[in-house]
There are 2 protein chains.
Amino acid sequence: MKVPVYILGFLKRYGPLHGYRLKRLVADMVSDFTQIKLPTIYYHLEKMEEKGLVTAERKQEGRRPERSVYSITKKGEREFLALLRDTLAVRYRPEFQIDAPLFFFDSMDPADIVASLREQEKHCSDVLDHLEAHREEVMQHIPPEARRIAGLMFQHHSLHYRAELEWLQDSLRELDR
Amino acid sequence: MKVPVYILGFLKRYGPLHGYRLKRLVADMVSDFTQIKLPTIYYHLEKMEEKGLVTAERKQEGRRPERSVYSITKKGEREFLALLRDTLAVRYRPEFQIDAPLFFFDSMDPADIVASLREQEKHCSDVLDHLEAHREEVMQHIPPEARRIAGLMFQHHSLHYRAELEWLQDSLRELDR
DNA sequence: GCACATATAATCAGTATTGAATAATCATGA
DNA sequence: TCATGATTATTCAATACTGATTATATGTGC
């Protein structure tokens with residue numbers, strides 16, 4: 001799910017592009033946040049062509065072998081927006097990855113973004129509460145000598161959820177301007 | 001890679017277990033941090049049996065249909081420790097997930113843990129520096145009207161790396177005691 | 001006593017991802 | 001000039017993951 005969003009987003013913003021070019025764009029621009037392997041890109045380009053989200057054109061340049069250059073279609077643009085919305089709306093997010101929607105924020109409806117961020121905000125504070133409660137429950141099943149250390153796992157998650165919450169609040173303020 | 005660590009760890013700590021029981025343990029104890037689907041568990045149990053990391057025994061209880069109960073082998077225990085080390089040592093970690101090693105910290109050599117956490121600490125502050133520098137570079141390729149918003153993506157990552165750093169320092173202090 | 005939901009248990013077919021292999025071109029410097 | 005390594009570009013086989021399906025067992029209210 002993550003991969004198609006990126007491909008469609010890059011094709012929309014910088015397209016038309018061929019597979020290898022796409023991979024380099026991803027590497028140059030979002031490699032801090034996500035990794036996408038070349039075969040994965042080719043795989044999805046093919047799938048998306050079948051679905052009519054992109055069209056391929058065989059191009060010859062110089063003496064180089066032919067290559068397929070892809071463009072996003074109208075249908076692809078609609079799908080892109082739908083995927084962005086879905087990605088941003090996901091609830092269970094223990095990896096804290098919302099990089100694609102952030103990267104393509106400008107393609108989204110600001111009202112949708114704000115609504116979604118507020119939901120995430122609610123969700124995060126719920127998780128923080130739940131984490132405290134669940135922690136005790138889980139600890140009972142962990143051998144006593146491992147408990148002190150296992151506690152670090154909950155600590156780890158708490159700190160990240162707090163960071164997420166902080167970011168959501170910053171972003172909502174920023175979007176308000 | 002994540003899944004086998006959990007399976008081996010649970011078999012070591014609570015085993016012998018059958019597939020469904022494993023899935024429930026994962027759901028009860030680490031569902032805040034990771035999700036593992038049933039078919040994935042069955043898939044890996046089979047793979048790991050082939051590799052000799054676990055042994056299966058068909059068991060009949062009451063009128064219930066037979067089911068395979070798995071135990072960890074000596075080889076499996078060695079593999080478990082190796083996997084824990086590898087997982088903790090991973091450098092590129094944009095998801096901030098180190099839940100398995102944390103959960104099974106008590107199985108690891110404290111010296112290894114400290115060494116690895118110190119490495120992570122170094123890595124995190126490197127990333128924070130790099131993020132600042134890379135940010136400007138990336139921004140040049142982003143359409144001006146999208147920049148303010150795309151900046152939130154870097155902000156998001158910075159905050160999480162700072163949270164990670166904070167946790168690493170807390171943990172090193174805690175392990176020192 | 002029996003309908004209906006939920007829990008237990010496993011499998012399968014379809015989808016996604018990765019490591020490895022292939023092959024051509026380009027840059028370089030000895 | 002020509003060998004060597006890096007870059008460009010794609011494909012394939014193997015591996016991993018998921019949604020959907022199947023099937024039995026157990027508990028619950030009526």
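The chains referred to below are lettered A, B, ... by the order of the sequence lines, with proteins before strands, and numbering in each begins at 1. Being a predicted model, the structure only gives us computed values, none of them experimental.
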Spacing between A:Arg24 atom CZ and D:dT7 atom P, to the nearest angstrom
11 Å
Check: A:Tyr42 ring centroid to A:Tyr70 ring centroid under 6.0 Å
no
Between C:dT15 atom P and A:Lys51 atom NZ, what is the distance in whole Å?
8 Å
Taken to the nearest whole Å, CG/B:Leu45 to C1'/C:dA10 is 11 Å
When you measure from the side chain of B:Trp167 to the backbone N and O of A:Leu152, does any donor-acceptor pair fall under 3.5 Å?
yes
Evaluate the ring planes of A:Phe154 and B:Phe33, with Trp represented by its six-membered ring, and classify them as parallel (under 30°), tilted (30 to 60°) or perpendicular (over 60°).
perpendicular
For the residue pair B:Asp28 and A:Val138, establish whether any side-chain heavy-atom pair is separated by less than 4.5 Å.
no
Between P on C:dA7 and CZ on B:Arg21, what's the gap in Å once rounded to a whole number?
16 Å
Not counting sequence neighbours, which residues clear salt bridge (Lys or Arg N to Asp or Glu O under 4.0 Å) with A:Arg21? List them please.
none
OP1 or OP2 of C:dT8 under 4.0 Å from side-chain N/O of B:Tyr20
yes
Rounded to whole Å, CD of A:Glu46 lies from P of C:dT17 at a distance of 14 Å
In whole angstrom, give the distance that lies between atom NZ of B:Lys23 and atom C1' of C:dT8.
9 Å
For B:Lys2 and D:dT15, what is the distance between atoms NZ and C1' respectively, to the nearest whole Å?
16 Å
With a 3.5 Å cut-off and no angle check, do the side chains of B:Thr87 and B:Lys2 form a donor-acceptor pair?
no
Taking N or O atoms only and anything under 3.5 Å, show me the protein contacts with nucleotides 18-20 of chain D, one pair per line.
unit_1 : atom_1 : unit_2  : atom_2 : d
D:dG19 : OP2    : B:Lys37 : NZ     : 3.2

Measure from OH on A:Tyr42 to C1' on C:dA16 and round the result to the nearest Å.
17 Å
Phosphate OP1/OP2 of D:dC17: any B:His44 side-chain N/O under 4.0 Å:
yes
Examine the side chains of A:Asp32 and B:His134 and answer whether a donor and an acceptor come within less than 3.5 Å of each other.
yes
Would you say a side-chain N or O of B:His18 is under 4.0 Å from OP1 or OP2 of C:dT8?
no
